[in-house]
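First the proteins, then the strands, lettered A, B, ... as listed; each starts at 1.
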Amino acid sequence: MILFGQYSLVIAFVLTLYASFLYFRADKKRFHSVIASAQRATLIAFLMIVTSSLLLLYALLSRNFQVEYVAQYTNRSLPIAYTIAAFWAGQAGSLLFWALLLSFFTWGVMLRTPHKNTFFFSRTLAVLSVTLSFFLYLLIFKSNPFATTPFTPEDGIGLNPLLQNPAMIFHPPALYVGFVAYTIPFSYAIAALLSKKPDDYWLFSIRRWSLFAWLFLTIGNILGMQWAYVELGWGGYWAWDPVENASLLPWLTGTAFIHSVIIQQRRGMFKKWNFSLIIITFALTIFGTFITRSGLISSVHAFGVSNLGPAFLLFLAIVLIGSFILLIRQTPLLSSRARIDSWTSKESSFLLNNILLTIFMVSILVGTLFPAISEAISGEKLTVGSSFFNALSVPVGLTLFFILGICVLFSWQKTRFQKLLSRFAISTTTTCLVVVLLVLAGVREMLPLIAFAVFAFAMISVLFEFSRQLLRYKNSAKDNGSLGFFRFFIKNRQRYGGFLVHIGILLLFLGIIGSSAYSIEKTVTLEPGDSVAIANYQIHYTGLQHVDRGDTHIDRARFVLNKSRPNTRTLFSEKIFHRNYQPVTEVGIYSNLREDVYIILAKSDEENQRITASILINPLVLWMWIGGAVMVLGTLLAFTNKSRAVRQ
Amino acid sequence: MFLFISILIVLISIYVTWPLFQPSYGKQLQYERMQILLEQKEYLQSEQKNLEHDYTLDRLDKASFESMQAELQANLDKTIQQIEKLMGMKYSKLEENLLDQLRGKVTNEVKLNYCPQCGQTFTRSDRYCSQCGFKLRD
């Protein structure tokens with residue numbers, strides 16, 4: 001059975017290579033028969049990868065410790081949900097999961113494309129098949145999930161306790177789906193360049209794919225933030241860890257791409273830029289995979305040193321050099337239909353948004369790679385701390401959110417001064433009012449005040465523009481009852497989904513301002529019966545409980561919040577000691593719209609039940625998760641609006 | 001296991017290579033070009049509608065609306081000219097069913113009006129291809 005899993009991968013690899021060759025070689029004379037053969041190869045390769053994945057899953061669930069991967073990532077006491085999640089917990093499994101997703105998407109592209117019999121389509125599948133071949137090559141020659149151990153151990157090592165969190169079931173797959181899905185817009189772009197049709201044609205097919213990829217990257221990143229917040233026990237949600245950065249980088253360029261594509265569709269501008277963005281976004285997804293697997297950068301997420309680094313680096317170099325050579329060769333065909341007429345236009349604000357997102361991406365990339373760069377130059381590994389990334393992200397982030405506010409108020413091509421004045425008047429006046437109220441409420445520090453002002457300005461602008469459009473619709477349409485509004489909203493859900501996404505990211509921004517500017521931390525040593533006062537809370541420590549669960553030993557501290565008041569809450573904060581791993585913490589959190597009470601059990605003494613705990617008050621954190629949910633909802637709305645090509 | 005895998009490989013090889021031994025339809029260039037042009041035409045028309053929608057909602061002023069509409073219209077005219085040149089007839093005279101076929105709405109009962117030998121378009125009354133002389137029907 002294990003052998004068949006291995007052979008399935010080899011058969012899939014051979015078939016994918018064969019399909020790649022045929023998709024590239026399909027010429028005028030025997031187009032149909034060649035493409036039909038290649039498509040059959042793609043289908044069988046997909047089935048072979050599915051078989052291989054099911055066999056690995058079966059090996060995991062049946063605890064077949066003869067398979068090295070199973071012995072390394074599971075043990076007999078691991079719950080079923082985490083046993084399934086172990087599929088993508090390790091290097092080989094995650095590569096197989098990547099190949100599975102890519103072959104599934106390739107099959108999806110093959111089935112869903114309305115015009116299959118075109119050179120453009122065959123080149124798209126060629127690029128997808130080459131990428132799939134690369135991952136299958138890694139699985140067969142570099143990181144085999146079906147490798148066996150010389151002897152079968154009684155029990156496995158088990159899944160790292162840090163990974164034993166419900167987020168493990170959703171966070172990595174969401175990120176993988178996002179990463180892998182970006183292969184499709186990239187393939188369409190390269191196919192457009194290869195078939196010398198680099199005009200707007202390739203954009204018809206990729207709108208939904210790029211939204212789909214962006215949606216999953218967003219979900220993955222937000223789940224990752226939440227996971228770090230509840231599991232790592234340092235009180236934050238983003239540590240600028242290299243692997244966190246690796247998933248943020250394609251999200252930034254993917255965001256820029258979603259915006260700049262609109263300009264190409266409407267005005268025929270940014271054509272070369274859009275090709276460059278999607279090439280870079282795809283390269284960044286490969287880069288993210290490379291830094292987690294090469295051992296180049298130290299990270300809590302990394303898979304450790306492996307032999308995959310050179311292969312990824314080579315593939316990355318081929319992707320970048322090959323794609324940009326193709327782009328440069330097609331440059332004469334990529335002239336803009338129009339130019340930016342005024343700086344007070346949607347086009348200019350989109351351009352500024354793209355420039356800032358790219359600068360942000362490049363700076364984070366340099367910061368992430370700085371240890372490797374410094375080691376190569378001076379022989380010494382120097383790291384840049386989170387202070388570098390924070391110093392960078394504050395001005396860029398504030399400007400980006402300010403542009404978001406401006407952009408919705410600008411008209412296409414040019415905004416007349418009179419209109420500009422009337423539209424800005426409401427946002428600016430309300431923002432000034434908000435600032436005055438904040439000052440009166442005691443907010444005196446300059447940076448948080450500016451951040452709140454930017455948030456208020458952008459949020460009011462978005463809401464103002466949304467209500468202005470609805471009013472306009474009410475005045476112009478016959479169907480203006482409450483159902484009429486609903487129909488109008490649903491009919492234009494691509495546009496209003498976008499509005500929701502902007503509201504969502506602004507709520508996320510609000511959470512970031514509150515939690516980073518006004519977080520309070522107190523570290524205390526407590527004995528049962530002791531209380532500590534922090535912010536408006538009275539926290540009472542009632543005692544320590546010891547729980548033994550096979551391989552793990554848990555120290556669980558019990559706290560009661562606001563003991564004397566009616567709204568009493570009980571919180572538990574745990575320290576979990578595992579036989580094979582470092583101890584991990586499970587923080588106790590009480591969350592409301594105003595703030596989070598966050599308790600980390602730092603030290604515990606079993607004998608006298610004395611503990612040392614860090615207690616944090618993190619304001620507005622819940623708004624981040626609400627904002628994330630609104631972003632996802634908005635993207636889903638925009639996504640369900642079928643593109644023209646599919647509708648056809 | 002080896003016997004099973006060997007049989008599987010043989011079966012897969014036959015299944016995958018089978019179409020290579022079947023007669024092929026021939027050239028695709030003209031067909032593909034037409035599909036792209038039709039896509040482009042419909043895309044430009046939908047963009048015109050979006051622009052009108054934006055104008056209704058006051059997202060651009062009259063002068064901008066007119067100039068952008070003119071940009072789109074010029075592109076649309078150019079695309080229609082290319083379609084007419086490729087088809088050798090006025091766009092308005094193209095048969096609706098032929099357009100449906102070009103858009104991909106081809107059912108099994110209705111064959112494509114393209115020569116399987118060279119890709120040249122033909123009408124239902126043609127017996128032989130005007131370009132390569134291929135026999136289209138008895």
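Put simply, CH2 on B:Trp18 and CZ on A:Arg40 are 9.0 Å apart, with the number rounded to the nearest 0.5 Å. Considering OG of A:Ser345 and CG of B:Leu60, their distance stands at 11.5 Å, rounded to 0.5 Å. One distance of note links CG of B:Asp61 with CH2 of A:Trp412; it measures 14.0 Å at 0.5 Å rounding. Atom OG of residue A:Ser37 and atom OH of residue B:Tyr15 lie 10.0 Å apart, to the nearest 0.5 angstrom.
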(message) Show, in sequence, the C-alpha distance, side-chain angles and deciding distance for A:Phe4 and B:Phe4, and conclude whether the side-chain contact (heavy atoms from CB on, under 4.5 Å) test is met.
(response) CA-CA 10 Å; A:Phe4 188 62; B:Phe4 171 69; 3.6 Å; yes
(message) Would A:Arg266 and B:Asp54 count as a side-chain contact (heavy atoms from CB on, under 4.5 Å) here? Give the steps.
(response) CA-CA 11 Å; A:Arg266 176 60 62 88; B:Asp54 276 355; 2.9 Å; yes
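Within residues 9-24 of chain A, the residues having any heavy atom less than 4.5 Å from a heavy atom of chain B are, in residue-number order, A:Ile11, A:Leu15, A:Tyr18.
No more than 12 heavy atoms of other residues, nucleotides or ligands lie within 6.0 Å of NZ in A:Lys414, so this atom counts as exposed by the packing criterion.
Heavy atoms closer than 4.5 Å to chain B are found nowhere in A:Leu409, neither backbone nor side chain. With a 4.5 Å cut-off on non-hydrogen atoms, A:Arg495 touches chain B through its side chain but not through its backbone. Using a 4.5 Å cut-off between heavy atoms, B:Asn75 contacts chain A through its side chain alone, with no backbone atom that close.
Between B:Ala63 and A:Gln413, the shortest heavy-atom distance links the atoms O-OE1, 4.4 Å. Closest heavy-atom contact between B:Pro19 and A:Ser33: O-CB, 3.1 Å.
For the options B:Leu20, B:Ile9, B:Ile12, heavy-atom pairs under 4.5 Å to chain A are most numerous at B:Leu20.
A donor-acceptor pair under 3.5 Å is formed between the side chain of B:Tyr43 and the backbone N or O of A:Gln265.
Inter-residue side-chain proximity for B:Asn50 and A:Gln494 is flagged as unmet; no heavy-atom pair is nearer than 4.5 Å.
Under the 30°/60° scheme for interplanar angles, the aromatic rings of A:Tyr7 and B:Phe2 are found to stand perpendicular.
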